[in-house]
Amino acid sequence: MKKLIQMTINDRAYEVAVEPNKTLADLIRYDLGLTGTKKGCDTGDCGACTVILNGDPVNSCLVLAVQADNAVIETIEGLSTDDGLHPLQQAFVEKGAIQCGFCTPGMILSAKNLLDKNPAPTEAEIREGISGNLCRCTGYQKIFEAIESTRS
C-alpha cells in the first residue's frame with residue numbers, strides 16, 4: 001500500500017505516493033526525473049547517489065523514500081542558478097575534475113556539504129569529506145584540486 005509523503009527538493013515542494021520499499025534514489029531519479037542523482041552500486045559503497053538530506057550527505061540508495069517524509073533534500077540540480085554554475089561545479093569544469101562524470105554529482109554534493117560546514121578544510125579534511133564517493137576513472141587529484149580551489 002502506497003504512503004503519501006511530502007518533501008522539499010531543491011526548494012520545490014513535492015507530495016508523492018510511494019511504495020514502502022521504494023528507495024529515495026529511485027524516487028528522485030525515476031519518479032521525479034531528477035536524473036543528476038546517479039545509481040551506481042545500489043549498496044551504498046560508491047556514493048554516486050549522494051544527496052543532501054536535512055543538511056547531511058546520504059547515499060540515497062540506502063534510504064527508503066518514506067524515511068524522507070517531511071525532509072529537505074538538495075540534489076545536484078539545485079546547485080546552479082540563473083546566474084550560472086555553483087562555484088564547485090565551475091571548479092570541477094575548470095580543473096578537469098569531471099572525467100566520465102558519473103561520480104561527479106555525488107562528489108560535488110559531498111564537497112559542498114563539507115565546505116558549508118567547514119569553509120577552510122585542510123587537505124586531510126577534504127580527502128575525508130569525499131571518502132564516501134568513489135571515482136573509477138583516473139583518480140582523485142583533479143577532484144581534490146577543484147575542491148581545494150573553492151575553499152576560503
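Rounded to the nearest 0.5 Å, atoms OH (Y140) and SG (C103) are 7.0 Å apart. Summarising the geometry, atom CG belonging to L64 is positioned 11.0 Å from atom NZ belonging to K3; distances are rounded to the nearest 0.5 Å. Once rounded to the nearest 0.5 Å, the distance linking CD of Q90 with OG of S149 reads 10.0 Å. To the nearest 0.5 Å, atoms CG (D11) and CD1 (I73) are separated by 12.0 Å. Distance check: L27 CG to K22 NZ gives 6.5 Å after rounding to the nearest 0.5 Å. In this structure, CG on L53 lies 8.5 Å from CD1 on I28, to the nearest 0.5 angstrom.
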Run R151 and E148 through salt bridge (Lys or Arg N to Asp or Glu O under 4.0 Å) and show every step you take. CA-CA 5 Å; R151 69 181 174 188; E148 188 175 48; 3.0 Å; yes
Go through the steps for T37 and I76 under the test side-chain contact (heavy atoms from CB on, under 4.5 Å), then give the verdict. CA-CA 7 Å; T37 300; I76 195 71; 5.7 Å; no
Run the side-chain contact (heavy atoms from CB on, under 4.5 Å) test on I108 and H86 for me, step by step, so that the C-alpha distance in whole Å, both residues' side-chain angles and the decisive distance to 0.1 Å come before the verdict. CA-CA 10 Å; I108 288 174; H86 184 278; 5.6 Å; no
Applying side-chain contact (heavy atoms from CB on, under 4.5 Å), run through R136 and C46 and close with a yes or a no. CA-CA 9 Å; R136 293 186 173 95; C46 74; 4.0 Å; yes
Between M7 and D69, does a side-chain contact (heavy atoms from CB on, under 4.5 Å) hold up when you go through it step by step? CA-CA 6 Å; M7 58 184 57; D69 190 18; over 6 Å; no
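At a threshold of 4.5 Å between side-chain heavy atoms, the hydrophobic network of Ile, Leu, Val, Met, Phe, Trp and Tyr places F102 and L79 in two separate groups. Taking hydrophobic clusters as Ile, Leu, Val, Met, Phe, Trp and Tyr residues chained together by side-chain heavy-atom distances below 4.5 Å, V51 does not share a cluster with L62. The hydrophobic clustering, which links ILVMFWY residues whose side-chain heavy atoms are closer than 4.5 Å, places I5 and I52 apart. By the criterion of side-chain heavy atoms lying less than 4.5 angstrom apart, applied directly or through intervening Ile, Leu, Val, Met, Phe, Trp or Tyr residues, Y14 is grouped together with V58 in one hydrophobic cluster. Cluster membership for I143 and V93, using ILVMFWY side-chain heavy atoms within less than 4.5 angstrom, is shared.
Counting all heavy atoms, side chain and backbone alike, Q99 lies closest to G139 at NE2-O, 3.4 Å. Nearest approach of A146 to A97, heavy atoms of both residues: CB-CB, 4.0 Å. The two residues C61 and T23 make their nearest non-hydrogen contact at O-CG2, 3.5 Å. The two residues K142 and G96 come nearest to each other via the heavy atoms CD-O, 3.2 Å. Residues K117 and G55 approach most closely at NZ-O, 3.1 Å, considering heavy atoms. For the residue pair P57 and S110, the shortest heavy atom distance occurs at CB-OG, 4.4 Å.
Annotation: K95, atom NZ; neighbour count of heavy atoms from other residues, nucleotides and ligands within 6.0 Å does not exceed 12. Around CZ of R127, the count of heavy atoms belonging to other residues, nucleotides or ligands within 6.0 Å exceeds 12. Heavy atoms of other residues, nucleotides or ligands lying less than 6.0 angstrom from CG of D56 number more than 12. Enclosure of atom CD in Q67 by more than 12 non-hydrogen atoms of other residues, nucleotides or ligands within 6.0 angstrom is indicated.
Between the side chain of S60 and the main chain of C49, a donor-acceptor pair closer than 3.5 Å is present. In this structure, N59 contributes its side chain and T50 its backbone to no donor-acceptor pair below 3.5 Å. No donor-acceptor pair under 3.5 Å is formed between the side chain of K38 and the backbone N or O of G101. Listed for the E77 side chain is a donor-acceptor partner under 3.5 Å among the backbone atoms of T35. A side-chain donor-acceptor contact under 3.5 Å links N10 to the backbone of T75.
When the options L109, L88, I126, I130 are evaluated for a side-chain contact (heavy atoms from CB on, under 4.5 Å) with L114, the one that passes is I126.
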